[in-house]
Structure formats: structure tokens, C-alpha cells
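In what follows, a structure is listed as C-alpha cells, so that the remarks can point back to it.
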Number of protein chains: 2
Amino acid sequence: MTMKKAPEELRFAAMAVDAVIFGIVDKKLHVLVQNVNRPPHYANMPGFPGGLIEKTETAEDAVERHLTDKVHLSGIHLEQLYTFSDIDRDRRNRVISVGYIGCVTPEVVTQYSFDDAHWLPVSKIKKFAYDHDEMYQMALARLRGKLSYTTIAQFLLSKEFTLTQLQEVYEVILKTELDKRNFRKKILALDIIKETGRMQEGVKNRPAALYAFKSKSIKELPPIV
Amino acid sequence: MTMKKAPEELRFAAMAVDAVIFGIVDKKLHVLVQNVNRPPHYANMPGFPGGLIEKTETAEDAVERHLTDKVHLSGIHLEQLYTFSDIDRDRRNRVISVGYIGCVTPEVVTQYSFDDAHWLPVSKIKKFAYDHDEMYQMALARLRGKLSYTTIAQFLLSKEFTLTQLQEVYEVILKTELDKRNFRKKILALDIIKETGRMQEGVKNRPAALYAFKSKSIKELPPIV
DNA sequence: GCAAAAGTGTTAGGTATACACCCATGC
DNA sequence: GCATGGGTGTATACCTAACACTTTTGC
């Protein structure tokens with residue numbers, strides 16, 4: 001590879017990051033959006049949080065920094081999605097953006113309140129700013145894929161959860177109904193979750209047993225669904 | 001998202017692409033490498049072909065251009081792998097690189113001859129320049145994953161191939177032995193390949209029937225292996 | 001005729017699916 | 001006592017995995 005020292009004229013593009021953050025509440029999938037108001041091209045449309053990468057940080061650093069600064073989210077599960085480099089993806093400037101997927105627990109969605117950012121149920125999605133429509137489609141496809149062969153579901157649930165809640169994560173994202181008995185058999189056979197010994201409280205029906213994932217980190221699995 | 005017009009100081013990084021190109025010949029997986037000689041950090045080590053992204057092109061455009069110009073490969077299957085943004089990944093400059101995976105047919109590997117580029121059997125890999133060790137590991141993991149649930153194998157075979165050759169693609173990359181009868185049953189049941197009616201020629205044993213993929217484009221499948 | 005790879009079915013075990021009722025709790 | 005969701009087992013169909021011999025060709 002004959003790489004020259006990058007001359008000034010080649011450092012033309014701004015590098016950015018954007019994050020598609022998913023959360024489930026009330027059996028509905030939501031994404032975190034901010035209002036974008038950059039007329040004439042992008043006037044009052046939702047867009048995903050993000051921002052430029054700085055000289056002293058990696059893309060991962062940048063996405064964490066922007067999420068903390070702009071929408072007050074930190075410590076969430078993030079993974080790289082895809083890099084978007086179409087010339088006109090931001091019609092104002094040439095910006096190449098590294099897209100990320102994030103997942104948060106239901107409490108984060110419920111308790112969240114910050115400025116111009118809000119949780120949009122995916123059923124109400126219309127048109128995003130920039131190329132964020134494409135980014136959303138890729139993020140959702142990736143989330144669906146990963147759900148089936150990894151433990152990514154753990155980041156969409158509280159630390160302790162019922163088996164029904166776990167099942168609902170799959171049903172909501174994959175848009176299918178699953179058989180309760182078969183789902184439990186399969187999940188328990190995988191040996192990835194454990195009973196905590198505690199029970200649900202404050203429900204007006206029979207309280208469910210609470211479970212937790214054995215590992216805090218994402219694992220690969222044989223296909224679940 | 002409050003994105004400012006990117007000031008000069010934010011356009012610090014050079015954007016590059018690199019490609020990990022795989023090919024199988026003689027039941028061995030190979031990757032295409034070029035010699036990198038950039039002392040003191042990278043002295044006579046193999047590295048993957050690539051180069052900078054220019055103002056007027058996307059990352060996809062750039063990787064195609066560099067492969068054509070530098071190693072005389074064009075029209076091959078390429079897909080985006082991951083974006084590498086570690087501050088010191090190129091110890092000479094800050095360069096963020098979009099990594100790609102590529103696949104070529106056995107003829108390309110066999111007939112190939114160009115300057116300082118050559119096909120390295122993966123069993124002989126030692127140390128790559130830059131962060132290309134990490135890039136290689138991710139590329140191989142991705143190739144293994146995709147092999148099982150897509151038709152990516154088609155890009156590692158000639159247009160017409162025998163069922164044994166197809167099986168060998170799986171065996172070489174997944175490092176497993178597969179049962180011939182079961183493999184054939186499974187592949188044929190997927191309805192992704194068709195008999196061409198032609199037979200192998202010039203072999204000193206019983207000639208095998210030649211098959212071709214029904215579609216030229218990559219498809220998703222239920223898991224094969 | 002012999003070396004080399006092609007081609008071809010069956011069986012057994014395991015996995016996935018379909019399915020319905022009783023239980024514990026709050027009100 | 002009733003409404004709500006929690007929790008549990010079995011039978012069947014399907015799929016997967018294991019396994020060996022005959023065929024065709026070149027030399």
C-alpha cells in the first residue's frame with residue numbers, strides 16, 4: 001500500500017457519528033430522536049443524535065461523548081452498525097458518518113426527559129432528516145438479526161425481568177407471536193439466564209419469578225427464533 | 001442534533017479504505033496482500049490494499065478505485081466490514097479506515113500476478129502492518145458467519161462448479177469436514193443452485209456435474225452448516 | 001484393472017411444534 | 001369469586017446425523 005502523508009486537500013470530509021438507540025416500553029419499540037431544524041433542507045424533522053468526531057477520540061469515544069452531552073445518556077450498550085459515505089447524505093456539507101446501534105432498558109425510556117430529544121414509537125415514524133431513513137432500516141434489520149443469535153435482548157430489559165418480558169422483546173422486535181411453553185424451554189435450555197429467587201411485586205395478578213442474565217456481556221448463541 | 005458547519009480544525013483525519021480479499025485455491029484460503037515498507041514503524045510487512053477516499057467519491061467508490069489502480073482487480077464482490085478509528089492505528093498519521101471484505105474466484109487467485117501484491121495462504125499469516133491483524137480477524141469471522149446464512153460462497157467459486165467444490169468452500173473456511181450426502185441434500189433443498197447440464201472436463205476420474213447459482217446476487221438463507 | 005472421485009438412501013435420534021389447563025394474587 | 005397473567009407436559013412431525021457401496025472415467 002503506497003499511502004502518502006495525507007495532504008490538506010484530502011482532509012476534506014468531516015467525520016461524524018450517529019446513534020440509533022432502541023428501547024421497549026409498553027410492548028412497543030421506540031427510538032430516540034432529536035428535532036433537526038436546518039432549513040432549507042431539513043426543517044423540523046426527527047434525526048438521530050450524533051455529532052462530529054474530534055482529533056483526540058475514536059468513533060466509539062465520540063458517540064459516547066455526544067450521547068452524554070446532547071441527550072444525557074451514558075453507559076448504554078452500543079455497537080457499530082455501518083459507515084455512511086454518500087456524497088450528499090448531508091446536503092449541507094460532506095460528512096461521513098459512522099452509525100451505531102444502542103439499546104436501553106425500559107426505565108430509561110420511561111424516565112427520560114431531555115430538551116428536544118424524545119422517544120418515538122417506531123409505528124409513528126414518518127421521515128427522518130439526512131440519510132437517517134436508510135440508517136434506521138439498517139439498524140432495525142441488524143437488531144432483528146442479532147436478537148436471534150446473540151444475547152442482545154439483555155440490554156433492552158431491566159437487570160431483573162420475567163420470562164414473559166423477555167419473550168415480549170422477541171415478539172415486539174420480530175413482529176411474531178411465540179408459544180409461551182416452547183419459548184421458556186428453549187431459553188432455559190440455553191443456560192444464559194438464572195432465577196434470582198425474587199418475585200415481581202406490585203402486580204395485581206400472580207407474581208412472576210424474576211430472572212437475570214448470567215453474563216453482563218453479549219454472547220453468541222445457536223438461533224433462538 | 002446541533003451540527004455546526006465543520007470548521008477547518010475538525011477536518012483533521014484522512015479517510016481511507018482497506019480491503020481484505022479472500023480467494024480459495026487448492027483447498028486453501030488465501031488473502032491478497034501488498035508489501036508495506038514504511039520504516040520505522042512498518043518495515044517490509046504485508047498489509048491489505050487500500051488508500052484514501054477522495055472528495056468526489058463514496059467509500060465504496062474509493063475501494064473499487066484503489067483495487068483497480070493498485071492491484072488490478074475490478075468487478076469483484078465487496079461488502080463493508082467495519083470502520084477502524086483507533087487514534088494510533090496508523091502510527092504515522094491519524095487515518096480512519098473503512099474496512100471491506102472481498103471475494104474472488106479461484107481463477108483470479110491462480111492467474112493473478114501484479115507487482116508487489118500476492119496471495120498469501122492464511123496458514124502462513126504472521127504479522128500485518130497497521131491494525132491489519134485485527135482487521136483480518138474481523139474479516140475472517142464475518143466471512144464465516146455469512147457463509148452459514150447467505151450465498152456468499154458463490155463469489156468464491158467459478159460460475160460453474162461441482163458440488164464437491166462448493167462443499168470444499170464450506171470445509172476450508174469453517175475448518176470442518178462435512179458429510180457429502182447430507183451436504184448435497186441440504187444445498188439442493190435450498191433451491192439456490194441449478195444443474196447446467198455440462199460436465200467437468202479433463203479430470204482423470206469420473207467427471208462431476210456442473211452447477212451454477214440461480215441468482216447472481218447474495219441471498220439470505222436458513223443456516224446451512 | 002486399478003486408482004480416483006462421483007453419486008446415491010435409509011434409519012435412528014433428537015429437536016421443534018402444537019396444544020390446554022390449573023395456580024397464585026389483588027381487588 | 002373473579003379477573004389477570006404465571007406456570008407447566010406430552011405427543012407428533014420434522015429435521016439432522018450417521019453411515020457404505022456402486023459408478024464412471026483416465027491411464
Side-chain angles (χ1 to χ4, degrees), chain A residues 24-28 106 147-149 153 157-158 160-172 174-212 220-225, chain B residues 24-28 106 147-149 153 157-158 160-172 174-212 220-225:
Chain A
I24 297 176
V25 77
D26 202 18
K27 293 198 207 180
K28 289 202 216 36
L147 200 63
S148 298
Y149 71 95
L157 288 168
S158 315
E160 304 198 345
F161 52 87
T162 69
L163 292 179
T164 298
Q165 288 165 353
L166 178 57
Q167 183 176 338
E168 282 168 0
V169 172
Y170 285 85
E171 293 182 331
V172 165
L174 301 176
K175 284 196 194 137
T176 47
E177 295 214 341
L178 300 172
D179 180 89
K180 182 162 60 161
R181 281 172 289 193
N182 294 338
F183 180 80
R184 286 167 185 228
K185 262 181 287 182
K186 222 181 287 189
I187 287 288
L188 293 172
L190 289 172
D191 195 38
I192 51 172
I193 61 172
K194 55 171 192 278
E195 274 198 78
T196 64
R198 280 178 288 279
M199 303 292 275
Q200 229 178 1
E201 280 173 27
V203 285
K204 67 183 204 306
N205 48 24
R206 175 172 171 179
L210 292 172
Y211 288 79
E220 295 228 353
L221 300 173
I224 298 178
V225 186
Chain B
I24 297 177
V25 77
D26 202 18
K27 293 198 208 182
K28 289 201 213 43
L147 200 61
S148 299
Y149 71 94
L157 289 168
S158 315
E160 303 199 347
F161 52 87
T162 70
L163 292 179
T164 299
Q165 287 165 352
L166 178 57
Q167 183 175 337
E168 282 168 1
V169 171
Y170 285 85
E171 292 183 330
V172 165
L174 301 176
K175 283 194 195 140
T176 47
E177 295 213 342
L178 300 172
D179 180 90
K180 183 163 57 160
R181 280 172 290 191
N182 293 338
F183 180 79
R184 287 168 186 229
K185 261 180 289 182
K186 223 180 287 188
I187 287 287
L188 293 172
L190 289 172
D191 195 37
I192 52 173
I193 61 172
K194 55 171 190 278
E195 275 199 80
T196 63
R198 281 177 286 280
M199 304 290 276
Q200 229 179 0
E201 281 172 27
V203 287
K204 67 182 204 305
N205 49 25
R206 175 173 173 178
L210 291 172
Y211 288 78
E220 295 228 351
L221 301 172
I224 299 178
V225 186

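Quick caveat, the model's predicted, so the values are computed rather than measured. First the proteins, then the strands, lettered A, B, ... as listed; each starts at 1.
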Which is true for A/Thr162 with a 4.0 Å heavy-atom rule: it touches a base, it touches only sugar-phosphate, or it touches nothing? nothing

Please round to the nearest 0.5 Å and tell me the distance separating atom CD1 of A/Ile192 and atom CG of A/Leu166. 7.0 Å

Using heavy-atom distances to pick each residue's nearest nucleotide on DNA chain D, tell me which of A/Leu163 and A/Lys204 is more 5'. A/Lys204

What are the bounds, 5' to 3', of the part of DNA chain D that sits under 4.0 Å from heavy atoms of chain A? D/dT4 to D/dT10

Compare every heavy atom of A/Phe161 with every heavy atom of A/Ala212, then report the nearest pair and how far apart it is. CA-CE2, 3.7 Å

When the distance from CD of B/Gln165 to C1' of C/dA5 is rounded to whole Å, what number comes out? 12 Å

What contact category does B/Lys180 fall into here, base, sugar-phosphate, or nothing, at under 4.0 angstrom with non-hydrogen atoms? base

Quick one: are A/Leu147 and A/Val225 in side-chain contact, heavy atoms under 4.5 Å? no

Take B/Pro207 and A/Pro223, find for each the nucleotide of DNA chain C with the closest heavy atom, and name the residue whose nucleotide sits nearer the 5' end. B/Pro207

Nearest whole Å is fine: how far is C/dA6 C1' from B/Phe161 CZ? 16 Å

What is the distance, rounded to the nearest whole Å, between atom CG of B/Asn205 and atom P of C/dG7? 10 Å

Counting heavy atoms from C-beta on, name the nucleotide in C/dA6, C/dC19, C/dT10 closest to the side chain of A/Asp179. C/dC19

Using whole Å, what does the distance between atom P of nucleotide C/dA20 and atom CG of A/Asn182 come to? 13 Å

Indicate whether OP1 or OP2 belonging to C/dG7 is found under 4.0 Å from a side-chain N or O atom of B/Arg184. yes

Minimum-distance nucleotide (side-chain atoms of A/Lys186 versus C/dG7, C/dT17, C/dG26): C/dT17

Can you check whether A/Pro222 reaches A/Leu190 side chain to side chain, under 4.5 Å on heavy atoms? yes

Is there side-chain contact between B/Glu168 and B/Ile24, with at least one heavy-atom pair below 4.5 Å? no

Where each residue is assigned the nucleotide of DNA chain D containing its nearest heavy atom, which of B/Gly202 and A/Leu210 is assigned the position nearer the 5′ end? A/Leu210

What is the distance, rounded to the nearest whole Å, between atom CD of A/Glu201 and atom C1' of C/dG26? 14 Å

Taking atom C1' of C/dG9 as reference, at what distance in whole Å does atom CG of B/Leu188 sit? 14 Å

Rounded to whole angstrom units, what separation is found between the CZ atom of B/Phe183 and the P atom of C/dG7? 13 Å

Answer whether the closest heavy-atom distance between the side chains of B/Tyr211 and B/Leu188 falls below 4.5 Å. yes

How would you label the contact of A/Lys185 with the nucleic acid (heavy atoms, under 4.0 Å): base, sugar-phosphate, or nothing? base

With side chains defined as the heavy atoms from C-beta onward, is the minimum distance between A/Thr164 and A/Arg184 less than 4.5 Å? yes

Between the side-chain atoms of B/Arg181 and the base atoms of C/dA6, is any donor-acceptor pair under 3.5 Å? no

